[in-house]
Structure formats: structure tokens, C-alpha cells
Amino acid sequence: MSALRIEDLAAGYRRGTVVSGVTTTVGSGGWLAVIGPNGSGKSTLLKALTGVVRHRGRVFVDGRALSSLSRRERARALGYAPQIPQLPLGLTVTDYVLLGRTPHLGVLGREGPSDVAVVGALLERLDLTRLADRPLTTLSGGEQQRAVLARALAQRAGVLLLDEPTTGLDVGHAQALLDLVDELRHELGTTVVTTLHDLTLAGQYAERLLLLDEGRVAAEGTPAEVLTPATLAERYSARVAVLRNADGSPVIAPTRPTM
Ligand SMILES: Nc1ncnc2c1ncn2[C@@H]1O[C@H](COP(=O)(O)OP(=O)(O)OP(=O)(O)O)[C@@H](O)[C@H]1O
């Protein structure tokens, strides 16, 4: 169980600050989707949480400041799947996903049967079993993306940060992944933060949405509160209708003006 608290976070690059004033809490087992137009700072926010990008402000996992954790403690607290990962050469899919178990290995650094079982189950769920012995770099884009996500899930961190996890995945594999993440949060209490461009999926899976625009929080709330035609027109310059599935979940449908 791992609650995430972000206080007045600001982050950026040499050219300047690109995200600022972000304060939010994600309860244990909660799911927050960070949405917003291109360049609004979504990836930068996730990179700041992982420490890849320097930040000001405070980040707490279960009340403990991230900055006070050792590297190993941090790897158990936070798992991260980047949008554009660097893939190592020469590793099979299985060996790559096993790297996710590193924070849990003993002093000898050897994987045990439980590590192999965790990885095997993830490969199965993400439809990677038949690719398990293939070199990672010979996989298609969507297959590599699933392997990267499997590695992050294998880490079994309390907080899971996924940057655009469904990009490059067909609709079936995207749903299988999001269903699996949802199961992890219900079964293990994993706290989830994802960036997502697909607003329909964001509204169907996340409990709360945080909309960034030009690096600042423009809206935050339930999908019904944030995914309104007026907000999407204002923040994305988009023409959309918000439809409803039979279960009430939103479907964001682009509309085209009639001539
Ligand atoms: N390594 C970098 N160095 C300098 N500026 C960067 C770097 N990475 C991102 N930026 C800039 O920071 C801003 C926010 O980028 P970021 O990738 O966080 O946006 P995003 O919301 O994730 O966008 P997208 O939806 O296109 O993935 C953009 O203006 C981008 O050009």
C-alpha cells in the first residue's frame, strides 16, 4: 500500500521550467491519469517523480520523502515505464523483464523461483510467452512496448508510473494491459499514475484525471468532471462529443463540422 503525495512540484530543463505548481495526492491503490495537449509537461512530471529530471517541491510515498530513500528503497517504491525507453542490446525478452526484479534480489543478486514465476505470469498476461526467448531488439514496436511494461510491472513497486503505456498497442493489447494494471491495484494496492492521450481509456480506467496545460494544472477531478466538451475545446482546441457506454463510462468522440 503506497499513497503518493506531490507538493508544489516544479521541473524543467536547462531552457527553463516546464511544469510548476503541481500539488496532488493519489491514495493507496488509486489511479490518476495525467492528461493534456502535446508539450504540456506530462512526461516531464513523471520523469521528475522518478528523479530522471531535477525538480523542486516535495514528493512523498507513504509519508516518506522520496529524497530520503536509498536507491534500492526508491526502486521498490516507484516503478517507471518511460515513453521512449532505451533498449539494451543482446537481451532476450525474459532476461530483460527479469531486470525488473533487481530491487528484490538478495545479496548474491540471483533470481529465485518466485522471481521467475512473477515474470512468467506477466509474459503470459501480456501475450509475450511465445516471444520470451527472442532478442528484445527483434520485436515489433508494440511487442517491445509490452516488454517494457512487463519489466516495470515485474518490479512490483508500490507506485507505478506509466508514460503513455498504450501508445503503439492495438486496442486488444491496450485493454489487456490496462486490465492487468487495474488488477494489480486491486490485488496488491499498487498506486498508479499514467499519462494517457486516449481520453476514452483515461476516463474508463482512472479514478481521477489531472489535466496539465502549459505546465500547470488546468483541471483535476473525476472523469465526468474533467472530460467535458467545453474543457476539451478550451485546452485541446478540439471538437468532441462526450458519449456514454451502457455502464456510464465516457467515450470521447471527435466531431467534424458539417459544411
Ligand atoms: N530533454 C529536454 N530538454 C529540453 N526541453 C525538453 C526536454 N524534454 C521535453 N522538453 C520540453 O518540455 C516541454 C514539455 O515536454 P513533455 O515531454 O513533458 O510534454 P508532454 O505533455 O509529455 O508531451 P507529449 O504529449 O507530446 O508527449 C515541451 O515544451 C518540450 O519541448
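Numbering starts at 1 and runs along the sequence shown. Predicted model only: the values in this text are computed from it and were never measured. As the structure lists them, so they are numbered: ligands from 1, and atoms in each ligand from 1. Note: hydrogens, waters and symmetry copies are ignored here, and every other heavy atom, side chains too, is used.
- When heavy-atom distances to ligand 1 are checked against a 4.0 Å cut-off, Arg15 comes that close only through its side chain, counted from C-beta outward.
- Compare His197, Arg14, Lys42 by their heavy atoms: the one nearest to atom 20 (P) of ligand 1 is in Lys42.
- Interface of Thr44 with ligand 1, defined as ligand atoms under 4.0 Å from a residue heavy atom, comprises 14 (C), 15 (O), 16 (P), 18 (O).
- Taking a 4.0 Å cut-off on heavy atoms, Gly36 fails to register as neighbouring ligand 1.
- For Tyr96, there are no ring pair (Phe, Tyr, Trp, His ring centres under 6.0 Å) partners two or more places apart in sequence or in a different chain.
- Considering Leu98, Val93, Asp95, Leu128 as possible partners of Val119, the one that fulfils the side chain to side chain contact (heavy atoms under 4.5 Å, CB included) test is Leu98.
- Screening Val226, Asp213, Thr195 for a side chain to side chain contact (heavy atoms under 4.5 Å, CB included) involving Ile35 leaves a single residue, Val226.
- For the side chain to side chain contact (heavy atoms under 4.5 Å, CB included) criterion with Pro165, the lone passing option out of Val181, Leu196, Val148 is Leu196.
- Gly39 O, 4.0 Å is the protein heavy atom nearest to atom 29 (O) of ligand 1.
- Near Gln83, with a cut-off below 4.0 Å to any heavy atom, the atoms of ligand 1 are 27 (O).
- An N or O contact shorter than 3.5 Å links Gly41 to ligand 1 by distance.
- Taking every heavy atom of Pro37 and a limit of under 4.0 angstrom, the matching atoms of ligand 1 come to 21 (O).
- Clustering ILVMFWY residues whenever any of their side-chain heavy atoms sit less than 4.5 angstrom apart, transitively, puts Tyr205 in a cluster other than the one holding Val242.
- Tyr13 CE1, 3.5 Å is the protein heavy atom nearest to atom 9 (C) of ligand 1.
- Not one N or O on the side chain of His55 forms a donor-acceptor pair closer than 3.5 Å with the backbone of Leu9.
- Contact check on Arg71 versus Glu73 returns no salt bridge, with no Lys/Arg side-chain nitrogen under 4.0 Å from an Asp/Glu carboxylate oxygen.
- Of the protein's non-hydrogen atoms, Ser43 CB, 3.7 Å is the one closest to atom 17 (O) of ligand 1.
- Between Arg185 and Glu207, at least one side-chain N (NZ, or NE/NH1/NH2) sits under 4.0 Å from a carboxylate O, which counts as a salt bridge.
- By the criterion of a heavy-atom distance under 4.0 Å, neither the backbone nor the side chain of Lys47 is placed next to ligand 1.
- Considering backbone and side-chain N/O atoms, Asn38 comes within less than 3.5 Å of an N/O atom of ligand 1.
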